[in-house]
Protein chains: 2
Amino acid sequence: MPGTVNIPGEILAALEEALKAAGLRLTHQRLEIYRELVAACDHPSAETLHQRLRKRIPTLSLDTVYRTLATLAEQGLINRVETLESQARFEATSRRHHHLICRKCGKIADFQWPDIDSAALPQEISEWGRIDLKNVVIHGICRNCLEGEEK
Amino acid sequence: MPGTVNIPGEILAALEEALKAAGLRLTHQRLEIYRELVAACDHPSAETLHQRLRKRIPTLSLDTVYRTLATLAEQGLINRVETLESQARFEATSRRHHHLICRKCGKIADFQWPDIDSAALPQEISEWGRIDLKNVVIHGICRNCLEGEEK
DNA sequence: CTTGATGCAAATAGTTTGCAGGCTC
DNA sequence: GAGCCTGCAAACTATTTGCATCAAG
């Protein structure tokens, strides 16, 4: 099917179900934005996503991308990724993972770290409140940028 | 000394030294902004910091706060904190710690987790590039906000 | 059909920048 | 005194919002 990103059917089903449960409509735009984000592995910004989608859907507006990302995030279907940049970046929700961020080129990579996922938190934290999510963010310089430095 | 935040002398010495080493001037504004941030324990935004400082220094402009924060961050004296908010937040650089973020009120708390600081990273990461910093961010709801929910 | 979703354009929020005068070294 | 720093105002970037129209259910 040219002009459309191919992703597993059960993921689309999850979108449909989540939207329906929330009383929201499954529109062409929402479907394609979600598809694109599921297929992307580089944690794109709204702007980047918009540029990619425009090739397929020339009439898609940037503000719809923003609105849709907000909606999908509310439903827990996607996540906003914390970075030090001014642009927000997004990823489709998937299995537990953490982030490697290159402080030179800004690329974000995922990695698994089961030891941490199962590690017990320090005692003091239980007093703070309810914990929902534990995320590790590693900053450094990726191999590609290191080569460019050539000090 | 009323009208000024009191912080340890050696910390101010570090500021002076770092600025001098970088060929930068120690101005009244830089000194007070740094002082305020060292004394703050709530990871304030530029805006918040500006409001606090204005009580003591009515002529201080917001853009100087922004410029100074950028300068101090370049020198490694302070850090930008990663959040999901649109406003950037800052903290004075201190001993290794991690963050607890309340997704309801946005408050950020620090905590220590030595086990993680010394834990070995998964193998795969060494291939990615050079690691500089390993940060844990925990999202949840703080005790205070939990009480407010009263479900 | 009915109402929520979209596209357009204009408004905001947060942050950055150019310039002229002021203050540190 | 020389040049970096500051304050002011204006520019910018990322994101949000109002409104008329469109399309999903």
Side-chain angles (χ1 to χ4, degrees), chain A residues 12 15-37 43-54 56-75 77-90 106, chain B residues 12 15-34 36-37 43-51 53-54 56-75 77-90 106:
Chain A
L12 290 187
L15 169 70
E16 203 168 341
E17 196 184 325
L19 288 179
K20 185 172 293 178
L24 299 171
R25 290 176 184 171
L26 176 59
T27 63
H28 180 220
Q29 290 86 334
R30 284 176 177 168
L31 178 62
E32 291 303 326
I33 290 169
Y34 184 61
R35 263 188 174 136
E36 188 73 36
L37 194 53
H43 314 75
S45 64
E47 184 80 47
T48 302
L49 219 37
H50 180 237
Q51 281 166 15
R52 290 180 193 165
L53 285 158
R54 259 207 157 166
R56 289 193 267 133
I57 313 164
T59 57
L60 179 68
S61 71
L62 177 58
D63 49 87
T64 293
V65 175
Y66 273 111
R67 268 189 276 229
T68 300
L69 290 172
T71 303
L72 297 181
E74 269 169 35
Q75 303 308 318
L77 291 158
I78 68 172
N79 298 119
R80 204 175 280 256
V81 179
E82 307 180 288
T83 69
L84 292 174
E85 295 171 2
S86 55
Q87 285 196 152
R89 295 178 63 168
F90 299 84
Chain B
L12 289 188
L15 169 69
E16 204 168 341
E17 197 184 323
L19 289 179
K20 187 174 291 178
L24 299 170
R25 291 177 182 169
L26 177 59
T27 62
H28 180 219
Q29 290 86 336
R30 284 176 178 168
L31 179 62
E32 292 302 326
I33 290 169
Y34 185 61
E36 189 73 35
L37 195 53
H43 314 76
S45 65
E47 185 79 46
T48 303
L49 219 38
H50 180 236
Q51 282 167 16
L53 285 158
R54 260 208 155 165
R56 289 194 267 133
I57 314 165
T59 58
L60 179 69
S61 72
L62 176 59
D63 48 89
T64 293
V65 175
Y66 273 111
R67 266 190 278 230
T68 300
L69 290 172
T71 303
L72 297 181
E74 269 168 35
Q75 303 308 318
L77 292 158
I78 68 172
N79 297 118
R80 203 175 279 258
V81 179
E82 306 180 289
T83 69
L84 292 175
E85 297 172 359
S86 54
Q87 285 195 154
R89 295 178 63 167
F90 299 84

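All figures in this text were calculated on a predicted structure; none of them were measured in a lab. All chains are named by letter (A, B, ...) in the order of the sequence lines, taking the proteins before the strands, and each is independently numbered beginning at 1.
Atoms NE2 (A:H28) and C1' (D:dG25) sit 17 Å apart, rounded to a whole Å. The distance from atom CD of A:Q87 to atom P of C:dT16 is 14 Å, rounded to the nearest whole Å. Rounded to whole angstrom, the span from the CD atom of B:Q51 across to the P atom of C:dA13 amounts to 14 Å. Rounded to whole Å, the distance from CG on B:L62 to C1' on D:dG7 is 11 Å. Here the P atom of nucleotide C:dA5 and the CG atom of A:L15 are 13 Å apart, to the nearest Å. As a whole-Å value, the separation of B:L69 CG from C:dG14 C1' is 13 Å. Summarising the geometry, the separation between CG on A:D63 and P on D:dT13 is reported as 18 Å, rounded to the nearest angstrom.
Contact annotation: B:Q29 side-chain N/O to D:dG7 OP1/OP2 distance is under 4.0 Å. Taking 4.0 angstrom as the limit, B:T64 places none of its side-chain polar atoms (N or O) nearer than this to OP1 or OP2 of D:dT6. Under 4.0 angstrom from either OP1 or OP2 of C:dC23 there lies no side-chain N or O belonging to B:R25. Neither OP1 nor OP2 of D:dT13 sits under 4.0 Å from any side-chain N or O of A:S86.
With a 4.5 Å cut-off on side-chain heavy atoms, B:D63 and B:R67 count as touching.
Minimum atom distance to the side chain of B:T68 is reached by D:dT6, of the listed D:dT15, D:dT6, D:dA24. Relative to the side chain of A:Y66, the nucleotides C:dG14, D:dA14, D:dG7 differ in distance, and D:dA14 lies closest.
Residue contacts shown for B:S45 are absent, as no nucleic acid heavy atom lies under 4.0 Å away. Contact annotation for B:A70: no contact, since no heavy-atom pair falls under 4.0 Å across all strands.
Counting heavy atoms of neighbouring residues, nucleotides and ligands inside a 6.0 Å radius, atom CD of A:E85 exceeds 12 of them.
Along DNA chain C, the nucleotide nearest A:R54 and the nucleotide nearest B:R80 are compared for position; the residue whose nucleotide lies closer to the 5' end is A:R54. Summary of the strand contacts: B:V65 and A:F90 both lie near DNA chain D, and taking for each the nucleotide with the nearest heavy atom, the more 5' one is attributed to B:V65.
Contact annotation: side chain of B:R67 to base of D:dG7, donor-acceptor pair present below 3.5 Å.
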